[in-house]
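Numbered from 1 within each chain, the chains take letters A, B, ... in sequence-line order. Every heavy atom of this structure was used, including side-chain atoms; hydrogens, water molecules and symmetry mates were not.
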Amino acid sequence: MPLRFHNTLTRRKDLFEPLEPGRVRLYTCGPTVHDRVHIGNFRTFLFEDVLRRYLRYSGYEVTQVMNITDVDDKIIRKARAAGVPIGAFTAEFTRLFFEDAAALGIEPAEHYPRATEYVPEMVRLAMRLRDRGVTYERDGSLYFRIASFPGYGKLSGIDLGGARDGARVDSDEYEKEDPKDFVIWKAHREGEAWWDGELGPGRPGWHLECSAMAMELLGESFDIHTGGVDNVFPHHENEIAQSESATGRPFARYWLHAQHLVVGDRKMAKSVGNVLALRDLLEQGADPLAVRYLLIAAHYRSPMQFTTDALAQASAAVGRLADLHGRLRAAAGAEEVERAGEADVAAEAGLSQRAEASFREALDDDLNTPRALAVVFGFLREVHSRLDAGVPTAAAATWLVRLREWDRVLGVLRCSPAEVPQGIAALLREREEARAQRDYARSDELRKTIQERGYAVEDTPEGPRVKNLGAT
RNA sequence: GGCGGCGUAGCCAAGCGGUAAGGCAGAGGUCUGCAAAACCUCCAUUCGGCGGUUCGAUUCCGCCCGCCGCCUCCA
């Protein structure tokens with residue numbers, strides 16, 4: 001089954017073929033660490049996480065780069081306002097970003113380059129552009145002349161010819177030949193961070209960062225470049241212009257863009273004032289796995305509504321998956337599971353194989369996570385049904401393997417077995433005794449006590465089953 | 001004004017030419033000391049509206065309505 005992605009460059013679903021067989025080089029635009037990253041941002045990062053996970057699931061070795069932009073206008077302004085050195089300011093928000101990313105189960109990328117650590121590379125790239133004659137200088141700043149790049153606009157579809165009515169022009173900028181020309185190197189201004197070098201005192205433009213770091217870590221041409229839709233223009237368009245002007249080679253071959261998370265019909269954004277950080281939701285008692293589930297439950301190219309109601313629904317869905325996981329684990333037994341191990345595919349029941357084929361088919365089709373989840377739930381129902389009918393544990397073991405394999409991509413399964421504390425176990429034993437003696441009043445009272453301590457008891461033919469209600 | 005996207009059941013959300021996936025919520029049932037879980041059944045003659053193309057359209061085309069994003073830093 002061929003893997004296809006919707007490519008912003010071609011506006012079609014293109015067959016995916018990496019430059020180097022078996023290996024994918026992926027550049028994902030990361031956060032600018034001037035504030036806490038909100039869940040709208042995380043929608044994109046989770047899309048990228050599922051992307052890398054599915055590429056690996058499909059057998060590719062993945063080299064992912066996610067940049068951390070740790071110097072820009074906003075950072076400089078905010079750090080100064082806070083009276084904190086820029087380095088300390090960004091270090092804190094970088095730490096918080098990694099903390100939230102880990103809570104959401106985002107797999108670490110191979111590289112997290114900081115812009116401030118790649119200034120020499122950026123200067124080198126800027127020099128290459130200058131040598132090519134596609135730049136010009138104004139008051140110590142270096143600008144890229146977009147008129148020099150015939151392919152300008154191929155990503156975003158903007159038409160260079162027409163003047164831009166309604167487009168505002170940054171009054172802060174110095175005179176440019178064309179309003180769309182962009183800065184490569186910003187001349188030093190009093191009180192701002194700056195570097196010295198061949199280009200004179202100043203700091204790199206934002207677009208230059210990504211180009212330089214991508215080329216440095218992935219090569220001049222690589223496979224996939226991703227980001228939010230709001231990056232298509234001008235950021236990604238400019239990256240292409242400067243990168244391809246410098247090298248004369250294609251930059252990224254597949255451009256994938258995630259749609260926004262929407263709250264009350266507006267995109268979630270600081271400027272709108274409707275942002276929610278992961279921490280806000282956790283403080284309201286949300287399960288990070290439910291947040292993860294919710295954010296990958298819609299296709300990445302569709303705008304997605306965020307409501308607390310939808311989050312509660314996601315939580316219920318995650319709970320059902322956890323229940324199936326627990327039931328399979330109990331049914332299979334540790335020993336069988338280990339023997340079923342790796343990918344005992346041949347021994348798997350046809351159910352698993354059919355479901356696996358559908359699962360891959362869904363994700364091969366431009367990473368259709370909602371469809372993949374529908375497959376998982378179809379499997380869930382069928383497995384429960386067969387378990388109700390009393391299947392042999394060997395089959396349960398293969399199903400358990402199947403479910404866990406899928407979770408390598410989805411990452412929504414609770415993996416901690418939720419060990420039952422001693423005190424709870426004692427209460428459970430006591431309750432079982434009461435039930436044996438048909439003392440149901442006592443039994444119900446004990447259930448209530450156990451529940452107050454955060455555990456739910458469910459009676460099954462094989463004995464009581466306990467669920468950790470506050471589990472993460 | 002230019003470029004792009006969205007409008008599918010109470011809610012979230014797939015499908016995009018062959019007669020509406022999945023989840024949540026809801027109703028009935030099986031099971032159960034009770035409860036829960038699980039399972040079974042039901043829950044959009046209909047996909048913002050109006051036309052058109054077609055044997056057939058939620059899916060293609062046109063127009064209209066509502067909404068959003070980018071064009072300035074932005075996931």
Side-chain angles (χ1 to χ4, degrees), chain A residues 8 11 28-32 34 37-48 69 72-74 153 156-159 161-173 179-180 206 226-235 237 257-262 265-271 293-294 297-299 301-307 309-321 323-324 326-327 358 362 368-378 380-389 435 438-441 443-444 447-448 451 456-461 464-465 467:
Chain A
T8 306
R11 285 143 216 276
T28 51
C29 273
T32 299
H34 67 271
V37 172
H38 59 75
I39 59 170
N41 299 313
F42 272 116
R43 183 190 182 193
T44 296
F45 298 142
L46 280 166
F47 145 64
E48 289 156 353
T69 298
D72 83 328
D73 294 349
K74 228 177 261 183
S156 58
I158 62 147
D159 182 8
R164 52 323 100 209
D165 303 324
R168 284 158 288 171
V169 176
D170 191 347
S171 56
D172 196 40
E173 295 286 2
K180 283 198 174 64
W206 177 43
T226 69
V229 276
D230 49 2
N231 279 155
V232 173
F233 189 87
H235 187 46
E237 192 71 65
H257 293 99
Q259 265 291 352
H260 289 303
L261 185 66
V262 171
D265 283 341
R266 300 295 307 279
K267 81 164 180 172
M268 182 175 283
K270 294 258 162 42
S271 50
Y293 180 97
L294 176 66
H299 185 80
R301 281 193 297 116
S302 296
M304 175 186 195
Q305 306 293 327
F306 176 86
T307 61
D309 199 31
L311 180 58
Q313 292 167 7
S315 184
V318 166
R320 284 194 81 195
L321 293 172
D323 281 357
L324 177 70
R327 189 177 185 190
S358 301
N368 195 324
T369 47
R371 228 166 86 199
L373 287 170
V375 171
V376 173
F377 277 96
L380 173 144
R381 183 190 298 200
E382 186 64 27
V383 165
H384 271 308
S385 174
R386 295 193 188 189
L387 247 24
D388 282 353
R435 291 183 73 224
R438 301 187 159 267
D439 182 356
Y440 295 123
S443 161
D444 290 346
R447 167 152 52 203
K448 206 175 157 197
Q451 198 157 1
V457 188
E458 293 172 4
D459 295 317
T460 75
R465 210 172 84 207
K467 280 201 294 192

Side chain of A:Tyr293 only, heavy atoms from C-beta on: which candidate in B:rC39, B:rC12, B:rG23 is closest?
B:rG23
Sticking with atom P, work out how far B:rG28 lies from B:rC65, rounded to a whole angstrom.
45 Å
Side chain of A:Ala298, heavy atoms from C-beta onward: which of B:rC68, B:rA13, B:rA75 has the nearest atom to it?
B:rA13
From B:rC12, B:rG69, B:rA38, pick the nucleotide closest to the side chain of A:Arg327?
B:rA38
A:Pro303 side chain: which of B:rC70, B:rC6, B:rA14 is closest?
B:rC6
Of the nucleotides B:rC34, B:rC11, B:rG69, which one has an atom closest to the side chain of A:Arg447?
B:rC34
Taking OP1 and OP2 of B:rA14, is either one under 4.0 Å from a side-chain nitrogen or oxygen of A:Ser302?
yes
Quick one: is B:rA38 close enough that its OP1 or OP2 comes under 4.0 Å of any side-chain N or O from A:Arg320?
yes
Has the side chain of A:Asp309 got a donor or acceptor atom sitting under 3.5 Å from an opposite partner on the base of B:rC12?
no
With sugar-phosphate meaning primed atoms plus P, OP1 and OP2, does A:Tyr440 contact a base, only sugar-phosphate, or nothing at under 4.0 Å between heavy atoms?
base
Where the side chain of A:His299 is concerned, which of B:rG5, B:rA14, B:rA36 is the nearest nucleotide?
B:rA14
Less than 4.0 angstrom between a side-chain N/O of A:Arg381 and OP1 or OP2 of B:rG23, yes or no?
yes
Any idea which of B:rG33, B:rA21, B:rG23 is nearest the A:Pro370 side chain?
B:rA21
Rounded C1' spacing from B:rG15 to B:rA20 in Å
8 Å
Proximal nucleotide (of B:rC39, B:rC71, B:rG33) relative to the A:Pro234 side chain
B:rC71
Is any side-chain N or O of A:Lys267 under 3.5 Å from a base N or O of B:rC68, one able to act as donor and the other as acceptor?
no
Base, sugar-phosphate, or nothing for A:Leu387, non-hydrogen atoms under 4.0 angstrom?
nothing
Which of B:rC11, B:rA13, B:rA14 is nearest the side chain of A:Arg371? It is B:rA14
Is there a donor and acceptor pair, one atom on the side chain of A:Arg11 and one on the base of B:rG4, closer than 3.5 Å?
no
Using OP1 and OP2 only, check whether a side-chain N or O of A:Asn368 sits under 4.0 Å from B:rG15.
yes
Short side-chain N/O contact to B:rC73 OP1/OP2 from A:Lys270, under 4.0 Å
no
Salt bridge or not for A:Asp323 and A:Arg320, using N-O below 4.0 Å?
no
Where the side chain of A:His260 is concerned, which of B:rG69, B:rC39, B:rC70 is the nearest nucleotide?
B:rG69
Distance criterion of 3.5 Å, no angle test: do you see the side chain of A:Gln313 paired donor-to-acceptor with the base of B:rC11?
yes
Should we count CZ of A:Arg11 as having more than 12 external heavy atoms under 6.0 Å?
yes
Pairwise C1' distance for B:rC60 and B:rA44, with rounding to whole Å
23 Å
